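Because the structure is a prediction, the values reported are computed rather than measured. Side chains are part of it too, since the values below use all heavy atoms of this structure and drop only hydrogens, waters and symmetry mates. Just so you know, ligand 1 is whichever comes first in the structure, and atom 1 is the first atom listed for that ligand.
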Amino acid sequence: MVEGILVLDYGGQYCHLIARRIRELSVYSEIAPGDISKEEVLSAGFSVKGLILSGGPASVFKGGPTIDRRLLDGSIPVLGICYGHQLIAHVLGGKVSKGTKGEFGTCLVFLNRRMGVLKGLKEKERVWMSHRDLVVEIPKGFSVDAFSDSCPIAAFSNEKLKIYGIQWHPEVIHTENGMQILKNFVFNICKCSPEWKMEGFVEKAIDEVREIVGSGRAIVALSGGVDSSTAAMIAYKALKDRVIAVFVDHGLMRAGEAEEVRKFFEGKGLKVIYVDASSRFFNMLKGVKDPEEKRRLIGNEFVRVFEEVAKDIEAQFLIQGTIYPDRVESGRGLTARIKTHHNVAGLPEKMNLEVIEPLRDLYKDEVRIVARELGLPKEIIERQPFPGPGLAVRVLGEVTPERVELLRKTDKIVREEIEKEGLSSRIWQFFAVLLNDRSTGVKGDSREYGHIVAIRAVESVDAMTAKFSRLPYDLLERISTRITNEVAGVTRVVYDVTHKPPSTIEWE
Ligand code: XMP
């Protein structure tokens, strides 16, 4: 029987990332609800060699989700992360309370006992934290293994029971030795062997699409990004001429986008229909300022356009390139909703198409591996992620054709300058945002009360966490000068220096 690690989901943003990191270690991993019983764990479809309790947005002392206490009896090794760490303390008789200030982002922890999951780490480690509650008393029989400036019990353990808790997130890329912690747990403590491989994903996905569509017909939503292009190629391989790709130009694309997509897909066998829907999207967005409302309306309208095309060609299925982070950030189950990704929770409740999402469990970098396997060109594989609602979520406040055009011009300058500097492959995303406020400037000796634009450039591996890019000042100066010279009405350019968390990558 396959052996592996079961991740218990307490609603954390990074829960799925934990399972994915374990798979990166060539060990099988699945996610189960946090309230799973011990009997269910023992009868899972694989041999569970260890449990990892995820983080989560709740408070243990305010009736947050809990664990079957029998899973903490020492029969299976357990690692609790963030909320999972607090839950172990709470259930086994320790104490958790509300911190006076939270810890969000990178911070230093001091390791006073480097054993168990902390074996091989340094005395001082740079880690990623995202919490307000904290453990203030450990359960009987446990030892305190690490602390930080504002968290006296940042890690604890009971070697006899093989139960470990850490307040920080080893699964996110910004915890420098996070993988070492997971390796210690998986290999040294749970004694797993690195034998599992993520192979045959493409064949599995093609089979799945073929089976669901049967003898029917489908459309695939194509934006030209790596996710939708990969989904489109999988759909084409599965269905050949029974699938048609639909590119909806909602008027919220970046400069040159529709042309680039056309160029990429010409002569590839897959038929692509281009729909110019810009005026209907702008009419619908008139007067709408709330970011979630924008996302919901755009998601709805996309589907209405797809339904119309599907009706024309008698298709019953809509294939989309939704990936895992889109789903987790849109909020399912216990996970707090961050923002509605237009292709997930943005879908209308009633729709006449059955949705198929072949990439639903993958992260962006995993999709890029699949895209490479499918032979997609480098330009698509390395393309910057671009949100489905397009520039609408980068125009804060009301979305009008004039404001979108102003942003489009600004964004083009940002892209050109960063590409000229040779930095584009190092930076995950770089773009401009138009703020919904004005600021005083002086141009040609007279006062101008103009627009404010922000530049956002972030480095990331999977979009779940990100760091702002330390762009050279000279480059920022060139960008700012070009924008204020070339884009009429802009009087101020600012640079966004916040990581994710606490910010998100997009401003809305
Ligand atoms: P945030 O802003 O949530 O973004 O940190 C994470 C990543 O997702 C992209 N994004 C979207 N992608 N539909 C998409 O397909 C959406 O509605 C959407 N919203 C954000 C964002 O550009 C970043 O790469």
Is the closest N or O pair between Gly388 and ligand 1 shorter than 3.5 Å?
->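 Checking ligand 1 against Gly388, an N or O pair does fall under 3.5 Å apart.
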Polar proximity ligand 1 side, Ile505 side, N/O cut 3.5 Å exclusive |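 Between Ile505 and ligand 1, an N or O pair is found under 3.5 Å apart.
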Evaluate whether atom NZ of Lys364 has more than 12 neighbouring non-hydrogen atoms of other residues, nucleotides or ligands under 6.0 angstrom away.
->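 Yes.
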Can you figure out which of Gln429, Glu506, Arg295 has its heavy atom closest to atom 19 (N) of ligand 1?
->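 Of the listed residues, Arg295 has the closest heavy atom.
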Find all atoms of ligand 1 within a distance of less than 4.0 Å from any non-hydrogen atom belonging to Lys500, and give their numbers and elements.
->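 Here the atoms of ligand 1 in question are 1 (P), 3 (O), 5 (O), 6 (C).
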Pair up each side-chain donor or acceptor in residues 229-237 with any protein partner under 3.5 Å, not counting sequence neighbours, and list the distances.
from	atom 1	to	atom 2	distance (Å)
Ser229	OG	Gly225	O	2.7
Thr230	OG1	Val226	O	2.6

Just checking, is any N or O donor in the side chain of Thr491 or Ser439 under 3.5 Å from an acceptor N or O on the other one?
->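 Not at all, the side chains of Thr491 and Ser439 share no donor-acceptor pair under 3.5 Å.
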Could you check whether the rings of Tyr14 and His169 sit parallel, tilted or perpendicular, using 30° and 60° as the cut-offs?
->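 Ring orientation of Tyr14 relative to His169: perpendicular.
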